[in-house]
Structures are given as C-alpha cells and as structure tokens.
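Notes for the one structure printed next.
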There are 2 protein chains.
Amino acid sequence: MKQLKLSNQLCFPIYALSRLVTSHYLPLLNELDLTYPQYLVMLLLWEHQTLSVKALGKELRLDSGTLTPLLKRLESKKMIKRVRSKEDERIVNIHLTEQGSQLKIQAADIPNQIQCSMGFTAEEFKTLKSVIGGVLRRHAEE
Amino acid sequence: MKQLKLSNQLCFPIYALSRLVTSHYLPLLNELDLTYPQYLVMLLLWEHQTLSVKALGKELRLDSGTLTPLLKRLESKKMIKRVRSKEDERIVNIHLTEQGSQLKIQAADIPNQIQCSMGFTAEEFKTLKSVIGGVLRRHAEE
DNA sequence: TAAAATTAGATTGTGTACAATTTAATTCCA
DNA sequence: TGGAATTAAATTGTACACAATCTAATTTTA
C-alpha cells in the first residue's frame, strides 16, 4: 500500500510548508501586534483603503465565520473600523484607521526579511509562485 | 510599495493552497469520520503500527498541545489506544486498534481520488513535491 | 548520589478555519 | 406589489495550531 505512505503524499509537504512560512512571520508580526491572517487583511487594506467583509473574504478565501471575529479583534486594536453601509445595510465596510494606515511603514521591510529567513532561491520562488498560482486559478470558483 | 501587494507575495498562495487541498480531503474523510490532521496520524500508524507522541510530533511537526487533544479524540472514536510506556513513564505510545487498522482498507483509494479532484498534472505534482521537499529539508531542525 | 538539567506529555489560553444555522436587508418575479 | 428567494454578516459549535507553563519521570553531573 505504497500510496498511503506519508512520504509519498503531496498534501503533507504543502501543509507543513504553510505552517513553516507562518512560523517565520510570527516574530516579525509580533512587533506589529498582528497575527498572520490579520496581516493578510492589512495587506489588502493598505492596497485598497476600504473593502467589504465579502470582498475580503473573496480575496482571502475566508468566510464570515473566520473574518467577523478576526475583524473585531483588529477593530479592538484600533487598526480598522467596521462601518455598516448606508446604501445596503447588509454590507459592512472595513476602513483603515490612521493608526492602521501608519502601520504600513513598519511593515515595509517584512517581505524582504521573509525572503531572507525562508531562504528561497529566486528559482524556487518563481517556480512555486507559478505552479501554485496555476493550480489556484484552476480552482477559483468565480 | 509594490512589495506589500498581496498578489506579489508567495506566502498567500501557499496558505491558500494548503486550505484548498484540505477542503478536497473533507468529503472523503467525512466518510471515515476523520479530520485531515487525524488522517495524517493514521497514515503514520498504518505504516508503523506504534509510535510515541513525540515521534508523531516529529514527523508531523506538531507539538503536544495539538497532538494530545487530537489523539484523545481518536481514542474516543476507538481508532487508537494511548498506552503509557512501562520502561519510561514519560512516554505515551500510540497503538492502532483493530478498528483503526481496518480503516486502512477504506482509505486505500483516497490518494487517487485526491490526485483526480485536485487535477494536478504529473509535471505539477513532481515539481511541487521536489521544490517543497527541498525547502522543508533545509528547515528540518533535527 | 543527590541536586540540577533535561525530557515527554498535559494543560491553559488565544486565535484561526469552517460547516451549519440564523438574522436582517434586498432583489426577484408571479 | 407582496411573498419567495437571495444575499451579507453574525452566531454557534467543533477542531486544530501554537506559545507558554506545568508536572512528573529520567539523566547528568558536580
């Protein structure tokens, strides 16, 4: 039953790599008082200023069950504001606060530090990005 | 600040892929009454019959804070037994039960079904396995 | 050989993930 | 146009992850 050996599976390396990458973010994000998923939300907000919960969920492939409490924690840390839309009261829009906006400056060097600490070669980075990107695109529902 | 755009990061595709893969296991594992991390434990036990909590943790890169409750759940489902070692009472050895052992038969086809459902090409599979394997090996502390 | 250090697991507490359900608002359409 | 369907978030409940701490057993070593 060679198929069922852990070492022959692709799933496990993917799962282990994902946790390894997150663990490398941890000390850097601790300084910003962010968790890794919270950092992903902030990345999107630094880029777009304002996004609905639904839009964040679509980008990050996370549902409201994950996002609602995460966003409440970001709000309690004064990094974002949750504002229910006047035009459509089902929608909650997420805005950066001044403090959340400023955090971008402190975060500016994180990508470099991760690149360094993970020790990806340029070749590995390119290959992983392109192969994984292709797989994800095929499975994008929309 | 191009560096901080989500779409330029490698971390997010890795994180998203890991969750995508897990989501493809879900319907298959539901039939065996296993979660994905529980399935990883079972894979190792089907291969080795008996492993200590520490050995499982080393293979899966998980600590006792994750494994202890997970193993208690597997035990309550009668798939494994947790037995404290007589020679060294710090050690807890995990054994398959007859039921846990039999489950291997039902699991036999899962790798094929995942290969199918994820739609990896042979090329993608090989590339991901080799590149990710290389990265993980570099970061193995042992 | 007895105190110090190490080791293996368990426990505690926080923060995701995600399925399933609920609530409230909006849109569809007979 | 008004009830049915849809949509956006929130809520509920289960199960990881993982840091930090704790407990008990074993090894080290002064």
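From a predicted model like this one, the values you see are computed outputs, not experimental measurements. Note: hydrogens, waters and symmetry copies are ignored here, and every other heavy atom, side chains too, is used.
Taken residue by residue, residues 7-39 of chain B places heavy atoms nearer than 4.0 Å to DNA chain C at B/Tyr15, B/Arg19. If you check residues 46-55 of chain B against DNA chain C, the residues with a heavy atom closer than 4.0 Å are B/Ser52, B/Val53, B/Lys54, listed by number.
Of the possible donor and acceptor atoms, one in the side chain of B/Asp63 sits under 3.5 Å from a partner among the backbone N and O of B/Thr66. Using a distance-only test at 3.5 Å, with no hydrogens or angles considered, no donor-acceptor pair links the side chain of A/Trp46 to the main chain of B/Lys5. In this structure, A/Ser23 contributes its side chain and A/Leu20 its backbone to a donor-acceptor pair below 3.5 Å. For the pair B/Ser18 (side chain) and B/Tyr15 (backbone), a donor-acceptor distance under 3.5 Å is absent. Side chain of A/Lys78 to backbone of A/Gln99: no donor-acceptor contact under 3.5 angstrom is found. Looking only at distances, no side-chain donor or acceptor of B/Gln3 sits under 3.5 Å from a matching main-chain atom of B/Gln9.
The interatomic distance linking A/Leu70 (CG) with D/dT11 (C1') rounds to 16 Å, in whole Å. At whole-Å resolution of the value, CG in A/Leu67 and C1' in D/dA8 are 12 Å apart. Between A/Glu59 atom CD and D/dA8 atom P the separation is 15 Å, expressed in whole Å. What separates CG of B/Leu62 from P of D/dA15 is a distance of 16 Å, to the nearest Å. Separating the CG atom of A/Asp63 from the P atom of C/dG15 is a distance of 18 Å, rounded to the nearest angstrom. The NZ-C1' distance, from B/Lys58 to C/dT7, rounds to 15 Å in whole Å. To the nearest angstrom, P of D/dT14 lies 17 Å from NZ of B/Lys72. Atom C1' of nucleotide D/dA8 and atom CD1 of A/Ile94 are separated by 12 Å, given to the nearest angstrom.
A/Phe125 and A/Phe120 have perpendicular rings, their planes meeting at more than 60° on a 0 to 90° scale where under 30° would count as parallel. Under the 30°/60° scheme for interplanar angles, the aromatic rings of A/His139 and B/His24 are found to stand perpendicular. By the 30° and 60° cut-offs, the orientation of the rings of A/Tyr25 relative to A/Tyr39 is tilted.
The local environment of NZ in A/Lys81 is sparse, with at most 12 non-hydrogen atoms from other residues, nucleotides or ligands closer than 6.0 Å. More than 12 heavy atoms of other residues, nucleotides or ligands sit less than 6.0 Å from atom NZ of B/Lys129. Within a 6.0 Å sphere centred on NZ of B/Lys54, other residues, nucleotides and ligands contribute 12 heavy atoms or fewer.
The phosphate of C/dA17 (OP1 or OP2) has no side-chain N or O of A/Arg61 nearer than 4.0 angstrom. Taking side-chain N and O atoms only, B/Arg73 has no distance below 4.0 Å to OP1 or OP2 of D/dT14. OP1 or OP2 of D/dA17 has not a single side-chain nitrogen or oxygen of B/Thr66 nearer than 4.0 Å.
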Any protein N or O atoms within reach of nucleotides 23-27 of chain C? Criterion: under 3.5 Å, listing atom names and distances.
from   : atom 1 : to      : atom 2 : distance (Å)
C/dT26 : OP1    : A/Glu87 : O      : 3.4
C/dT26 : OP1    : A/Glu89 : N      : 3.1

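Contact annotation: side chain of B/Ser64 to base of C/dA10, donor-acceptor pair present below 3.5 Å.
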